[in-house]
Amino acid sequence: MDMTWFEEMERRIPTGEVRTRFAPSPTGYMHVGNLRTALYTWLIARHSGGKFILRIEDTDQGRLVEGATDVIYATLRKCGLTWDEGPDLGGPVGPYIQTERRALYGKYAQLLVEKGGAYHCFCDKERLESLHGENGIGGYDGHCRHLTREEINEKLSRGVPYVIRQRIPDSGSTTFHDAVFGDITVENETLDDQVLIKSDGLPTYNFANVIDDHLMGITHVVRGSEYLSSAPKYNLLYQAFGWEVPTYIHCSPVMRDQHNKMSKRHGDPSYEDLLAMGFLSEAVVNYVALLGWSPKGEESEREFFTLDELSHSFDIGGISKSPAIFDREKLKYFNAKYLRSMDADAFCAAAEPYLRQAVRNPAIDWKLIAPLVQPRCDTFEDIAPQVDFFDALPDYSTELYVHKKMKTNLENSLEALQQVLPVLEQLEPWTYDSIHDALIGLAERLELKNGRIMWPVRTALSGKAVTPGGAVELCQILGKDETLRRIQTGMEKLAQ
């Protein structure tokens, strides 16, 4: 075999820097565990001043979803996880989509056969399809391990279907090191001769990963702990090629509860679902960073980080072996903090779709409502139930007028509205200050506590026990005509 081409591929590999990669399959959405993998991978690169590479792993053609690659791009960008090399940016070791690298894998598989680390496995097509899936586990009898070169060449010349399998040592053990779990030793006899190249010529996930990680100069590989069992086979591949093994960082799963992993099939939200549920991307990223990682030293109790602050604080030693439980209430706590700390204009812009959907009356200025709800919602979905009364006064019970602290009851509430109505009818101009002064002035003239006037007005305008903003704000937002109409409706209810 001419080694010149392989030597040239080696010379292309970048060295002298930390290089990490996020290598998702385009299957439709970004689940929380996948987002965490991307985030940790990005943070390791940024913390070290290295490179973050995006690679699309599309060799499993049966699982591909149209448009899913665009979802990956959009999600990473929304999260601020910019990449230095990738399908859209290019780079020194492209292409960055696995199906576009198809020609590479066959050559490296053949090289591995030459080195004794793999072999051709022949079966009829029906048996190949039934026994040799993505990982090639099940029903294999090992006969092909012992074919002579002449027998292999004869079968190849006849076009007998085959896969290429990894040749696992018959005895001994393989030890690999993981940055989170430490040294792990596995007996080789427990490992299967996994398929590397399938009968359609495409590589399996496990083989393409190793080839691409090496050729792209990847120094740190972040993945879920479910791949711990595959790590010994990765090690054996690296050793068979004579390549340096990257640093493995296996992360324990994100769980729905103590016993169940998060799963889209069971209704657990993806990143896009969380945004649709009214969560801020920044809050999601901050919370996800802490699902299995915690800062150390002076920052050990800290919870809130910007992405830039995370890149400075993140270290691999803070990653936990224990599974992390996704707590939606805890995420709400994070989100509420982010919402309350937003600049007023930024909150108004972000809340606009939710306000417009909840308040469709064009006479209502939703921009006046935004500052009232900002301190009163944990997610954007909390907005609609608080402000729907602006659109239409709900049918409410007069018991809402009874308030012990405000010293209001049905009788004095009716009296208050009867006093308020002519004052507001004569009021010009209709501004916050003029409404405030008119209502406070009325309470003073009647020698009443402010609440005796404000509570009946707020109840008449909203038909709710709790509102964002008080009587003055509601009058201002509803406008003069609608305010007077609702007060008259309140008086009629109370009179009955």
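All values derive from a computational prediction rather than experimental measurement.
- Counting only residues at least two apart or in different chains, side-chain hydrogen bond (donor to acceptor under 3.5 Å, both in side chains) contacts with residues 311-322 comprise E299-S313.
- Around CD of E244, the count of heavy atoms belonging to other residues, nucleotides or ligands within 6.0 Å does not exceed 12.
- Listed by first then second residue, pairs satisfying salt bridge (charged side-chain N to carboxylate O under 4.0 Å, His left out) with a partner in residues 203-221 read R21-D213, R55-D212, R55-D213, R101-D212, not counting sequence neighbours.
- Ring centers of F22 and W42: at least 6.0 Å apart, outside the cut-off.
- Aromatic ring centres of Y234 and W243 lie farther apart than the 6.0 Å criterion allows.
- Aromatic ring centres of Y73 and W83: separated by under 6.0 Å.
- No close placement of the F279 and Y338 rings is indicated, their centers lying 6.0 Å or farther apart.
- Heavy-atom contacts from other residues, nucleotides or ligands closer than 6.0 Å to CD of E309 number more than 12.
- Sequence neighbours left out, the pairs with a member in residues 178-189 that pass side-chain hydrogen bond (donor to acceptor under 3.5 Å, both in side chains) are T174-N188, T175-T185, H177-D183, D178-H250.
- At a cut-off of 3.5 Å, with distance as the only test, a side-chain donor of D2 or T4 sits close to an acceptor on the other residue.
- A distance below 6.0 Å separates the ring centres of Y227 and Y205.
- Ring-centre distance between Y333 and Y287: not below the 6.0 Å cut-off.
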